[in-house]
Amino acid sequence: MIRSINPATLELNGEVKETDLEDLNEIFKNSRKAQKIWAKLPLNIRARKIIKVNEVISKQFDEISLLISKEVGKPPSEAFINEVYGVVDSTFQYYISVEEILGKEVEVPLGFYESLNKRSILLYKPLGVICVIGPYNYPFAIPFQQIIQSIMAGNSVIFKPSSDTVLVGQKIQEIFDNIDIPENIVQTVYGDGSKIGNSLIDKADKIIFTGSTSTGKKIMQRAAQTLTEVTLELGGKSAMIVFPDADIERAVLAARWGVFTNSGQVCASVKRLYLHSDIYETFLTKLVQLTKELKQGIPTEANVDIGAIVNEEQLNYVDKMVKIGVDEGAKILTGGQRNPNFTGYFYEPTILADVTNDMKVVQEEIFGPVLVVLKFAEENEVIDMVNNNQYGLTSSVWTKNVEFGQKIAEEINTGTVMINEVVYTFALSPTPWGGTKNSGIGRSHGKLGFYEVVRPLHVNFDQSEGPDLWWLPYDNDYQNIVENFKIIAKSLVIKDLDELY
Ligand code: NAD
């Protein structure tokens with residue numbers, strides 16, 4: 001059995017039976033059978049059936065939010081805003097956009113070949129069985145949106161939640177069981193990723209993985225054996241850059257939320273803060289003061305801002321990283337230790353200053369409530385510091401001059417750059433989500449997310465009579481045709497490029 005423990009109280013939330021490896025063949029067989037039937041339904045009918053999840057979810061907003069809170073350690077209100085609301089909104093967005101994105105035949109212009117009665121269209125067909133492997137930190141919102149996109153496109157899904165959040169996984173399954181889609185279109189399996197993972201990768205047509213970079217690399221390595229497609233949504237070390245002309249009051253509040261929401265266990269949370277030297281002291285003084293005002297506590301109690309860390313291993317890792325930072329010369333401005341007032345896994349909101357860009361605490365993902373703060377003077381200097389990192393998920397630029405903000409954004413190598421915002425674009429489901437470098441491969445959400453769960457099918461038509469000009473035999477007529485092709489090819493040499501545009 002897999003035990004679900006409340007990280008704030010250490011109480012047992014419940015247990016779920018681990019999936020037997022021997023059962024996987026049957027699970028995949030059923031998934032493939034269901035997918036074939038499902039894919040035959042018109043896209044708009046599939047979408048109409050799927051949108052019903054919003055009705056099912058709306059009857060249990062509080063129950064779902066509480067369950068997330070009990071497994072992850074975040075306040076239920078935060079779980080609602082950042083996860084449950086996000087799912088309902090994205091399902092609606094996908095419902096209204098899927099036909100436009102995937103449902104239309106796209107005519108491909110063929111130029112000269114059109115004069116030979118040829119035509120091409122592009123269609124989008126489902127991939128088959130997609131395996132969604134989820135992380136613990138947003139156990140509802142992340143896999144749910146990936147499942148919705150996959151099944152709307154006509155795939156079936158086998159979903160494996162994190163072992164820390166099996167009850168939320170079970171809840172997701174229950175929601176799909178309560179809408180009118182064929183049995184086995186969504187199936188949930190439970191187990192330690194290192195035991196069950198390879199079998200899933202070997203049998204699936206695609207893996208959509210969200211989790212740490214080290215696990216993502218293992219998955220890609222395994223998937224190479226079968227050339228199974230992968231979308232990898234991995235770790236991050238997002239930077240927030242504040243220029244002197246920014247709205248400092250808003251920026252300080254954004255930094256506080258962006259660092260500490262979900263106890264810093266957010267792939268896109270603000271993990272590095274780069275402050276211009278002109279505002280460094282005032283900004284930091286205010287941020288430290290506001291951080292000290294945060295109420296850490298049992299997340300289900302009233303007015304708690306910051307809850308627990310998911311498990312003891314992660315808590316110890318956070319503590320170890322802070323100690324490494326201090327050994328390297330970092331100064332703790334607030335926090336810096338496990339919160340002694342709780343038996344659960346609480347780490348105090350922590351800010352580290354006097355760090356340099358090459359330190360481990362600046363370079364590596366800590367995945368806890370820990371911020372590192374750096375100073376810069378020149379824009380090129382800060383761009384170099386931000387880009388000099390293995391991760392490339394998100395970043396933010398703070399300035400009232402949005403044109404200048406965009407100029408900086410275009411120099412930064414991350415999947416998303418926010419101007420005067422932090423973290424939240426995961427909630428904007430029409431926009432692409434994903435990173436560069438060690439933050440992953442591919443995109444989820446929006447149009448690009450839909451394209452990741454389909455195979456493009458190019459269909460080419462010909463309605464001419466008789467053979468094509470280039471077919472055998474290569475006789476004298478053929479030599480004349482070759483000469484004519486040379487004339488056509490010469491007409492394609494553009495001497496004055498300006499004429500073309
Ligand atoms: P993790 O890598 O430990 O686990 C993620 C999932 O992978 C779990 O379901 C786990 O059981 C499974 N798994 C583990 N080993 C496996 C294997 N060999 N084969 C297949 N599956 C395996 O990650 P986590 O601790 O749950 O999540 C935290 C990490 O996820 C952080 O690095 C965070 O930045 C990242 N994350 C990224 C995004 C994003 O969108 N880029 C979103 C959320 C979290």
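Only heavy atoms go into these numbers, but all of them, side chains included; no hydrogens, no water, no symmetry mates. Order of appearance sets the numbers: ligands from 1, and atoms from 1 within every ligand.
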Q | Nearest heavy-atom neighbours spanning T228 and A204 | A | CG2-O, 3.5 Å
Q. Where is the nearest protein heavy atom to atom 36 (N) of ligand 1: which residue, which atom, and how far?
A. C267 CB, 3.6 Å
Q: Around atom 24 (P) of ligand 1, find the nearest protein heavy atom and jot down its residue, atom name and distance.
A: Y136 CD2, 3.7 Å
Q: Any atoms of ligand 1 less than 4.0 Å from a non-hydrogen atom of P135? List them with their elements.
A: 26 (O), 27 (O), 43 (C)
Q: State yes or no: are the ring centers of F450 and Y94 separated by less than 6.0 Å?
A: yes
Q.
Looking only at the side chains, is there a donor atom on one of Q337 and Y347 sitting less than 3.5 Å from an acceptor on the other?
A. no
(Q) Could you identify the single nearest non-hydrogen protein atom to atom 10 (C) of ligand 1 and state the distance to 0.1 Å? (A) K160 NZ, 3.9 Å
Q) Which atoms of ligand 1 are found less than 4.0 Å from any heavy atom of P161? A) 9 (O)
Q: Under 4.0 Å, heavy atoms only, figure out whether ligand 1 is touched by the backbone of S444, its side chain, both or neither.
A: neither
Q. What part of L393, side chain from CB on, backbone N/CA/C/O, both or neither, has a heavy atom under 4.0 Å from ligand 1?
A. side chain
Q. Under 3.5 Å, is there a donor-acceptor pair linking the side chains of T165 and E71?
A. no
Q) Are A268 and ligand 1 in contact, using a heavy-atom cut-off of under 4.0 Å? A) no
Q. Which atoms of ligand 1 sit under 4.0 Å from any heavy atom of G134?
A. 5 (C), 6 (C), 8 (C), 9 (O)
Q: Determine whether any heavy atom of S163 lies closer than 4.0 Å to an atom of ligand 1.
A: no
Q: Just jot down the ligand 1 atoms closer than 4.0 angstrom to any heavy atom of I142, in number order.
A: 42 (C), 43 (C)
Q: Give a yes/no on ligand 1: does F367 have at least one heavy atom closer than 4.0 angstrom to it?
A: yes
Q. Can you find a protein heavy atom under 4.0 Å from atom 4 (O) of ligand 1?
A. no
Q) Which heavy atom of the protein is the closest neighbour of atom 37 (C) of ligand 1, given with residue, atom name and distance? A) L234 O, 3.0 Å
Q) To the nearest 0.5 Å, how far apart are CD1 in I201 and CD in Q221? A) 10.0 Å
Q.
For the backbone of G128 and the side chain of N155, can you confirm whether one donor and one acceptor N or O come within less than 3.5 Å of each other?
A. yes
Q: Would you sort out whether F367 and Y317 count as a ring pair (Phe, Tyr, Trp, His ring centres under 6.0 Å), showing the intermediate values?
A: CA-CA 9 Å; F367 222 58; Y317 180 71; 9.5 Å; no
Q: May I ask you to identify, for I219, whether its side chain, its backbone, both or neither come under 4.0 Å of ligand 1 on a heavy-atom basis?
A: side chain
Q: May I ask you to check if ligand 1 and G211 share an N or O to N or O distance below 3.5 Å?
A: yes
Q: Say whether T414 and S395, considering side chains only, have a donor N or O and an acceptor N or O under 3.5 Å apart.
A: yes
Q: Look at atom 19 (N) of ligand 1 and say which protein heavy atom is nearest, naming residue and atom and giving the distance to 0.1 Å.
A: G193 O, 3.4 Å
(Q) Closer than 4.0 angstrom, basic N to acidic O: yes or no for D205 and R32? (A) yes
Q. Is F209 in contact with ligand 1, taking contact as a heavy-atom separation below 4.0 Å?
A. yes
Q) Does V189 offer a backbone N or O that forms a donor-acceptor pair with the side chain of T19 under 3.5 Å? A) no
Q: For E365, counting its heavy atoms only, list the atoms of ligand 1 lying under 4.0 Å from any of them.
A: 31 (C), 32 (O), 33 (C), 34 (O)
**Q.** Element-labelled atoms of ligand 1 that are located less than 4.0 Å from some non-hydrogen atom of N137
**A.** 43 (C), 44 (C)
Q) Does the ring center of Y274 lie less than 6.0 Å from the ring center of F243? A) no
Q) Considering only the protein, which heavy-atom contact is closest to atom 20 (C) of ligand 1, and what is its distance? A) G197 CA, 3.5 Å
Q: Give the single entry among S439, S194, S212, G435 that approaches atom 1 (P) of ligand 1 most closely by any heavy atom.
A: S212
Q: State, yes or no, whether a side-chain contact exists between I64 and I175 at a heavy-atom distance under 4.5 Å.
A: yes
Q) By number and element, which atoms of ligand 1 are closer than 4.0 Å to a non-hydrogen atom of T215? A) 1 (P), 2 (O), 13 (N), 14 (C), 15 (N), 16 (C), 17 (C), 22 (C)
Q. Given side chains that start at C-beta, do those of L102 and L43 come closer than 4.5 Å, heavy atoms only?
A. yes
Q: Provide the number and element of each atom of ligand 1 under 4.0 Å from a heavy atom of I133.
A: 6 (C), 7 (O), 9 (O), 12 (C), 20 (C), 21 (N)
Q: Quick one: look up the protein heavy atom nearest atom 40 (O) of ligand 1 and list residue, atom name and how far away it is.
A: W433 NE1, 2.8 Å
Q. Is the backbone N or O of I151 less than 3.5 Å from a side-chain atom of W38, with the two atoms forming a donor-acceptor pair by type?
A. yes
Q: Let me know which of V132, I130, I133 forms a side chain to side chain contact (heavy atoms under 4.5 Å, CB included) with Q146.
A: V132
